[in-house]
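Structure first, commentary second.
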Amino acid sequence: MTDKTKWESLVAGAGCPLDAPRPPSNDHWDLVGQLSVSSLYLSKNQTYRGQCQLIFDSRHVARIDQLSRPEWSSLAGDLFTAQQAVSRVVKPDHMNVESLGNVVPHLHWHIIPRYVGDPMWGTPVWQVPFDSMPDRRLPDEERAALIAQLQKALSGPITDMTGVGLTSRWVAANRALETDHASPLYRDPYARELAGEAGFDVLYSMRTAAGMGTFSGPDPYLTIRTRFFDDALLGVVRDSSIDQVVILAAGMDARAFRLEWPRGVRLFEVDREDVFTHKEAVLSRMRASASCDRRIVQRDLAQPWVSALVDAGFDPERKAAFLAEGLLYYLDEPAVVSMLDALRGVSAPGSWLGLDAANPEVLTSPFMATYLRRLTELGSPWKFGMAEPEAYFAAKGWQADAVFPGEPEANYGRWVMPVVPRAIAGMPRTFLIRATRVAD
């Protein structure tokens, strides 16, 4: 039993075994990683697989109320990150997150995954005396693999998708938020599952980079863009008797399922294998049923893709509607030229093209610097901008018109910022572009 004098000495930090610096490994734990003000350790006892300790590093404190507000904010962020990482790796049925400190009064958290039917299911894991508690140790190889998984998970959701592929899940997360809006401009019942944790992780990290970390609603630009191209695609298919639709870099696009297509429309989705691996699993699980003849073409647009599109049933002799939403930003100039040249070869006169683009000022604006740096960190840097979309596409065989978000055709009551007239030069801008293929 510890008397008051002894306890006060422990609270003050006398001989505290949890004070930093600590050994990365001992009889109780192995270091997983250091966070902003704390370190995460995998407990040696793995009766509850994934059990960890998060220990405050900056100084000796015994309780939360001894922290400054900034210290607590940082530690709370670390705790969120650590708990998310453990959950991603071991996928428990429940999670206990506890700060006790009755034995060692140094501020730390126990992160204890719980599983239906575990040794103490329905009650806390703690038993007195402590040496009566179950104590399962993992084989060295299995333990090392678990630590490696946790280290990877600390960086974000575990996914095999590339950085550019993840941006499609970011856009799906926004469609999920729009679907939940009190007055949605569209509904996408598949978006939340298509986005998954990874999509929302990217969405909120990009909002933080844009200085909008506390904003919780759907992004006005992404929402307007989606609705704008929904209307444009359906309109051109109906008005121009087009029955072939090609969505380039389709990502998590669900237009084949959520829009009402005229009878006989054949819709092709072109994207990479890692995208469809995730997407088809989700759609199958949700028993999604397309309202058109949907065909997938697993090709990277950086590689030859036209022959695969034709093999899937596309007829280049007949006019078609093409959509490349959110694509051009991630391509460099040669890749844009290559894609448009390939497109020119399979687009009959009268075909339609929809896409969006930034101007060069977006890529150099100091106001965009943090946002663009975060995109680069995600492995999906923005590379391309065009100053005059109409002239650019005219040189490629398309008659184009460009609309600014916020203009009457692209507002929908959601754009609250002023629209700067196009005549004012040097302003960062994005364009929503519609184009019609003209005869060579």
Side-chain angles (χ1 to χ4, degrees), residues 22-57 75-98 108-121 125 134-167 169-170 173 193-205 272-275 277-279 281-282 285 374 377-380:
R22 293 177 293 275
S25 296
N26 60 23
D27 290 339
H28 305 287
W29 66 57
D30 291 306
L31 178 67
V32 174
Q34 292 180 310
L35 304 178
S36 64
V37 294
S38 62
S39 295
L40 182 67
Y41 298 86
L42 182 68
S43 301
K44 292 290 191 183
N45 182 355
Q46 287 294 292
T47 299
Y48 307 92
R49 184 176 177 81
Q51 180 172 345
C52 289
Q53 284 179 271
L54 184 74
I55 305 176
F56 185 63
D57 284 340
L75 180 57
D78 287 356
L79 180 60
F80 178 84
T81 298
Q83 184 269 336
Q84 289 289 93
V86 173
S87 184
R88 288 171 187 140
V89 172
V90 300
K91 298 178 174 56
D93 297 310
H94 189 57
M95 186 81 79
N96 293 161
V97 180
E98 303 171 327
H108 63 285
W109 297 83
H110 297 274
I111 301 172
I112 309 172
R114 302 298 303 273
Y115 307 89
V116 174
D118 70 33
M120 298 293 288
W121 182 253
V125 302
D135 188 354
R136 177 171 183 254
R137 305 287 168 128
L138 299 178
D140 291 346
E141 185 175 329
E142 184 178 347
R143 183 173 184 80
L146 180 55
I147 291 172
Q149 289 178 299
L150 289 168
Q151 289 170 336
K152 182 178 180 181
L154 284 175
S155 300
I158 299 172
T159 174
D160 293 328
M161 291 182 71
T162 62
V164 174
L166 277 175
T167 65
R169 295 176 68 174
W170 161 21
E193 292 297 314
L194 288 169
E197 184 194 2
F200 283 94
D201 187 79
V202 175
L203 182 144
Y204 287 115
S205 86
R272 292 178 300 205
E273 182 178 358
D274 66 306
V275 169
T277 296
H278 171 76
K279 184 175 186 177
V282 171
R285 185 172 69 247
R374 180 60 183 143
E377 292 169 352
L378 289 170
S380 50

Completion exercise
Contacts of Val275 meeting side-chain contact (heavy atoms from CB on, under 4.5 Å) (sequence neighbours excluded), chain-then-number -> Met161, Met252, Asp271

Exercise for the section: Would you name the heavy atoms of Ala195 and Ala173 that are closest together and state the gap between them? Expected result: CB-N, 3.4 Å

Handout entry: Heavy-atom side-chain proximity of His108 to Phe56 below 4.5 angstrom
Key = no

Problem - Heavy-atom pair with the smallest gap, counting every atom of Gly50 and Val86 - result: O-CG1, 3.6 Å

Got a list of side-chain donor-acceptor pairs under 3.5 Å for residues 137-147, not counting sequence neighbours?
unit_1: Arg137; atom_1: NE; unit_2: Asp135; atom_2: OD1; d: 2.9
unit_1: Arg137; atom_1: NH2; unit_2: Asp135; atom_2: OD2; d: 3.0
unit_1: Glu142; atom_1: OE2; unit_2: Arg49; atom_2: NH1; d: 2.9
unit_1: Arg143; atom_1: NE; unit_2: Asp30; atom_2: OD2; d: 2.5
unit_1: Arg143; atom_1: NH1; unit_2: Ser43; atom_2: O; d: 3.1
unit_1: Arg143; atom_1: NH2; unit_2: Asp30; atom_2: OD2; d: 3.1
unit_1: Arg143; atom_1: NH2; unit_2: Leu42; atom_2: O; d: 2.7
unit_1: Arg143; atom_1: NH2; unit_2: Ser43; atom_2: O; d: 3.1

Handout entry: Flag side-chain contact, heavy atom, 4.5 Å: Ile111 against Gln53
Key = no

Practice task
Would you confirm whether Trp109, through its side chain, and Gln83, through its main-chain N or O, come within 3.5 Å as a donor-acceptor pair?
Solution key: no

Problem - Minimal non-hydrogen separation, Pro92 against Arg114, with atom names - result: CB-O, 3.5 Å

Handout entry: Distance-only side-chain donor-acceptor flag, Asp57 / Ser39, under 3.5 Å
Key = yes

Exercise for the section: Look only at the side chain of Asp78 and the backbone of Leu35, and say whether a donor-acceptor pair between them is shorter than 3.5 Å. Expected result: no

Problem - Side-chain donor or acceptor of Gln51 paired with backbone N/O of Ile112 under 3.5 Å - result: no

Handout entry: Whether Tyr41 and Trp29 hold their rings parallel, tilted or perpendicular, with breakpoints at 30° and 60°
Key = tilted

